[in-house]
Every structure is written in C-alpha cells, then in structure tokens.
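Structure record follows, encoded as structure tokens.
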2 protein chains.
Amino acid sequence: MRLTAKSEYGLLAMIDLACRVDQGPVSAREISDRQGIPAKYLEQLFVGLRKAGLVGAVRGAHGGFALHRPAGEITVLDVVEALEGSLRPTVCDGDRAAACGRGDACAAAGVWDRATSAVRDVLESTTLDSLARTQEVLDESGAARSPIER
Amino acid sequence: MRLTAKSEYGLLAMIDLACRVDQGPVSAREISDRQGIPAKYLEQLFVGLRKAGLVGAVRGAHGGFALHRPAGEITVLDVVEALEGSLRPTVCDGDRAAACGRGDACAAAGVWDRATSAVRDVLESTTLDSLARTQEVLDESGAARSPIER
DNA sequence: TGAAATCATACTGTTTTGGTAAGGATTCCA
DNA sequence: TGGAATCCTTACCAAAACAGTATGATTTCA
C-alpha cells in the first residue's frame with residue numbers, strides 16, 4: 001500500500017477538471033500551471049487516467065482532458081488505483097505469505113488487511129464532486145488573501 | 001505513509017516474543033529461524049525496537065530480547081512507528097503543501113489526512129497480546145497439517 | 001502549413017529498500 | 001581463563017522505485 005506523488009498530483013488534476021466540467025476540454029499545460037505540477041510528468045499521469053477510463057482526451061489544438069463520468073461517480077480510490085495499481089497490502093501479500101510459510105494461519109496478515117480496508121473505505125467514499133465543491137468554498141473564502149501568491 | 005518489509009518482519013518478531021513472554025530472553029537467531037527473517041536484517045530491526053523502548057536486550061550467551069512492556073500495552077502502531085518513523089501522509093505533507101501554494105485551503109489534503117487516520121486507528125487498536133492469542137489459536141488448529149513444512 | 005496539443009517511449013539522477021559483511025563489546029559457562 | 005554465544009555498530013552494496021526530463025510522433029484546428 002503506497003501513496004506517492006502520483007496520487008497527490010493526479011487527485012489535484014482531477015479536482016481541477018471537476019471544477020471545470022462545463023468548460024470543454026482543459027489542457028494538461030493549463031492544469032500544470034495552475035496546480036504547480038511538472039508539465040511532462042502530468043502528461044504521463046493523464047495517460048494512466050485515460051486508460052482507466054476516468055478522463056477523455058481531445059487531441060490537437062484546443063484539445064485537452066475532461067472527466068469521462070460524472071464527478072459524483074468518480075471516487076478518490078478510482079484515481080489512486082488508476083495511477084498506482086490496485087491498493088493491496090504491500091506487506092504480507094501473496095508472495096510473502098507463501099515465503100513465511102503460514103498461508104492463512106498468520107495473525108499479522110489480518111492487521112495489514114484491516115489497515116488496507118480502512119484506507120479503501122475512506123478513498124472509496126469520497127467523490128470528486130464533493131472535493132470540487134469543498135475546494136470551491138475554500139477558494140472563495142480565501143480569495144481575499146490571494147492563496148496562490150502566498 | 002508507507003508499510004514495508006520492516007513492519008512485516010518487525011511485527012512477526014514481536015508476536016513471536018509475545019507468545020514467549022514467560023521464557024526469558026529469546027535470541028534473534030531463534031526468531032529469525034522460526035519466522036523466516038534474514039538474521040542480520042532482524043538484528044537491525046531490533047535496534048529500532050529497543051531504542052523505542054519496546055523490547056529489552058540481554059547480551060552475552062543465553063541472551064536475547066524480551067518485551068519491555070506487557071503485550072497488552074504494545075500496539076501495532078508502536079511497532080510500525082518504531083521501525084518506519086511517524087506514520088504521516090506521504091503525500092501533501094508539510095513541504096509539499098507549501099509547494100502547492102495552498103496551505104490549509106486544499107480539499108485534497110483532507111482526504112490524505114482521513115486515510116492516514118483510518119490506518120492509525122486500526123494499528124493503534126490492535127495489541128500484541130490479542131495477536132499473540134490469535135496466532136496461538138491458528139497454530140493449534142493447523143498443527144496437524146504441519147504449517148511450517150508446507 | 002504551422003501551431004497546439006495529446007500520445008508513447010526511453011532515459012536519468014536520486015533515494016529507498018532489503019539486505020550482507022566485518023568486526024567489536026559483553027556475558028555466560030566449562 | 002578462554003571460548004562461545006549473543007547483542008551492538010558501522011559500513012557497504014545491488015536492485016528497485018521515484019520523480020522527473022527528453023525526444024519525437026501523431027492528431028487537430030485555424
């Protein structure tokens with residue numbers, strides 16, 4: 001179970017898209033400027049997001065990316081698994097469980113499973129829609145203090 | 001937030017100790033044989049566990065390690081943090097939050113915080129004592145099938 | 001045609017991971 | 001007293017992961 005910069009950047013980008021669903025495709029360049037994500041790195045992430053069916057791409061001039069499903073039907077877990085692969089325990093998974101010789105008879109494995117499930121529950125119960133609206137509220141209330149500058 | 005082989009090995013070793021609290025110190029070598037953990041690597045892990053005050057060491061012949069507190073008062077979170085450092089979100093932590101320019105006004109940060117808290121809750125609510133008893137039950141019921149051999 | 005944009009692949013420098021190696025310090029036992 | 005067992009410390013190392021860069025092909029619009 002790992003959460004890296006891919007997830008962080010990817011979620012920021014997806015929230016950015018969710019805040020602009022009514023604007024047609026948004027270019028990776030625009031998002032990378034706005035969110036402070038390295039441009040070429042973000043392009044790579046969008047490849048994964050597209051292959052997972054979370055975003056649609058429009059090539060050519062004035063192209064860009066847009067959510068491929070309603071924001072309320074895309075969870076953070078969808079984004080994370082599109083970018084990092086299936087969210088399983090990194091410890092005591094299939095290979096290692098065999099290595100330690102216990103198979104199912106390992107008390108420790110249960111803890112790792114429960115921890116992973118707990119994370120899944122959180123990520124699965126949070127949609128892009130709710131995050132986008134939260135973000136909009138935050139942007140409004142902080143607009144006077146120019147949050148991008150600081 | 002990362003869970004690596006250190007946590008896996010460390011927890012196995014601590015459960016092993018918890019199953020043998022009444023036997024005086026248990027040598028690292030013995031645990032490494034029983035749990036299938038590389039001997040010298042396990043020694044390194046015990047350094048961290050000892051510095052965290054979770055185990056006491058007895059040097060010299062017939063020495064070894066023993067739990068330094070009752071097994072019911074040591075949580076899996078204690079073990080993990082002793083070995084991997086404080087369990088914080090690896091995404092959007094202090095440094096990155098500053099980098100993305102949002103500070104507190106970031107909807108994504110809340111998700112990572114909640115995910116981390118969920119893991120902490122699971123690990124913090126599980127004690128070595130309960131794991132040791134679970135393991136003993138598993139060992140008994142599987143003893144006829146010789147779980148170590150397979 | 002030329003600019004804008006995605007798509008695909010390969011490369012790279014750094015850090016982390018998962019060990020191994022070698023020896024030193026301490027303690028027990030014969 | 002001299003091993004032998006055991007923890008302690010430090011250093012080293014190969015492989016993988018991470019975060020990003022580079023390059024170029026392809027597609028689309030004006």
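Labels below follow one simple rule: chain letters A, B, ... track the order of the sequence lines, proteins then strands, and each chain is numbered from 1.
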Output the rounded distance in Å from [atom1] ([X]) to [atom2] ([N]).
| X | N | atom1 | atom2 | result |
| --- | --- | --- | --- | --- |
| L42(A) | dC7(C) | CG | P | 12 Å |
| Q44(B) | dC13(D) | CD | P | 15 Å |
| F65(A) | dT27(D) | CZ | C1' | 13 Å |
| L45(A) | dC18(D) | CG | C1' | 12 Å |
| I37(A) | dT21(D) | CD1 | C1' | 16 Å |
| E43(A) | dA22(D) | CD | C1' | 12 Å |
| D33(B) | dT6(D) | CG | P | 11 Å |
| H62(A) | dG2(C) | NE2 | P | 18 Å |

Within the pair [X] and [N], is there a side-chain N or O less than 4.0 Å away from OP1 or OP2?
| X | N | value |
| --- | --- | --- |
| R2(A) | dA16(D) | no |
| T4(A) | dA19(D) | yes |
| R50(A) | dC7(C) | yes |
| Y9(B) | dG18(C) | no |
| S27(B) | dA5(D) | no |

For the pair F46(A) and F65(A), name the ring-plane relationship: parallel under 30°, tilted 30 to 60°, perpendicular over 60°.
->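 Ring orientation, 0 to 90° scale: parallel.
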So does R59(A) reach the base of dT28(D) with its side chain, donor to acceptor, closer than 3.5 Å?
-> no
Taking N and O atoms by type only, does the side chain of K6(B) place a donor or acceptor under 3.5 Å from a partner on the base of dT16(C)?
->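 Check fails, no donor-acceptor contact within cut-off.
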Heavy-atom neighbours of R69(A) CZ exceed 12 at 6.0 Å =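 Above 12, so yes.
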Any side-chain donor-acceptor pair under 3.5 Å between D78(A) and T75(A)?
->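 T75(A) and D78(A) do have a side-chain donor-acceptor pair below 3.5 Å.
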Side-chain donor-acceptor contact under 3.5 Å, S7(B) with E84(B) | yes
Between Y41(A) and V47(B), who's closer to the 5' end of DNA chain D by nearest nucleotide?
->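 Counting from the 5' end, the first nearest nucleotide belongs to V47(B).
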Toward the 5' end of DNA chain D, which comes first, K40(A) or A61(A), by nearest nucleotide?
->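 Looking at DNA chain D, the more 5' nearest nucleotide goes with K40(A).
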Quick one: label F46(A) by what it contacts on the DNA or RNA (base, sugar-phosphate, nothing), any heavy atom closer than 4.0 Å.
->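 Here F46(A) touches no strand at all.
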Salt bridge present between E136(B) and R133(B) (N-O < 4.0 angstrom) =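 Looking at R133(B) together with E136(B), the answer is no, because their closest N to O distance does not fall below 4.0 Å.
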Between G60(B) and E84(B), just flag the one whose closest nucleotide in DNA chain C comes earlier from the 5' side.
->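 That would be E84(B).
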